[in-house]
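Each remark here refers to the structure printed beneath this line.
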Amino acid sequence: MEKCIVCKSEFVATGISTGYGLDNHGHKICFNCCGLLDSRNLSRMPKKDKYLLYFNGIEVTNWPGSLKIKPYCVNHGKHNIARTMTTVWFKFYGMRFIGKNYGDNSQILHVKKIA
């Protein structure tokens, strides 16, 4: 059985998931470690960089859901191409972030650090 390169735990596959994600080097890591890696990357993110997370209508999360952040403000508006746009503001480790989700058929959140 394959194991997480970070914590050495075995992957728990489900009917819809492999039980692991890949880091930037293609190493397999468990979903809990994915949350820790996303948390670290977000907390170290320079102001001009962008990061992809997800917004499920309630919280900002990473793909496996092992990172969860409650937004402090959500605004639903219009977009000239995607028709709709949701803007989400949230704090993480004392830093402020803004995320934008475009259209009605996606949960992808384009995130930038704002302070």
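Sequential numbering from 1 along the given sequence is applied to the chain's residues.
Judged by distance alone, the side chain of N75 and the main-chain N or O of T87 form no donor-acceptor pair under 3.5 Å. Side-chain atoms of N32 never come within 3.5 Å of backbone atoms of S66 as a donor-acceptor pair (strictly under, hydrogens ignored). Between the side chain of S43 and the backbone N or O of R40, at least one donor-acceptor pair lies under 3.5 Å. For K50 (side chain) and K112 (main-chain N/O), no donor-acceptor pair under 3.5 Å exists by modelled atom type.
Heavy-atom minimum distance, S39 versus Y93: OG-CE1, 3.5 Å. Taking each heavy atom of V60 and P71 in turn, the nearest pair found is N-CD, 4.4 Å. Between I58 and K70, the shortest heavy-atom contact is CG2-NZ, 3.5 Å. Of all heavy-atom pairs between R96 and Y72, the closest is CD-OH, 3.8 Å. Taking each heavy atom of T61 and L53 in turn, the nearest pair found is O-CB, 3.5 Å. Taking each heavy atom of N101 and S106 in turn, the nearest pair found is ND2-O, 2.9 Å.
A side-chain donor from one of Y51 and N41 sits under 3.5 Å from a side-chain acceptor of the other.
Between Y102 and H110, the ring center distance clears the sub-6.0 Å criterion.
For the pair R83 and D104, the salt-bridge criterion is met [side-chain N within less than 4.0 Å of a carboxylate O].
Remark: of the listed residues V74, I98, V111, V111 is the sole one forming a side-chain contact (heavy atoms from CB on, under 4.5 Å) with F90. Each of H79, Q107, H76 was evaluated against T86; a single residue qualifies, H76, per the side chain to side chain donor-acceptor pair (under 3.5 Å) test.
One distance of note links NZ of K47 with CE of M95; it measures 12.0 Å at 0.5 Å rounding.
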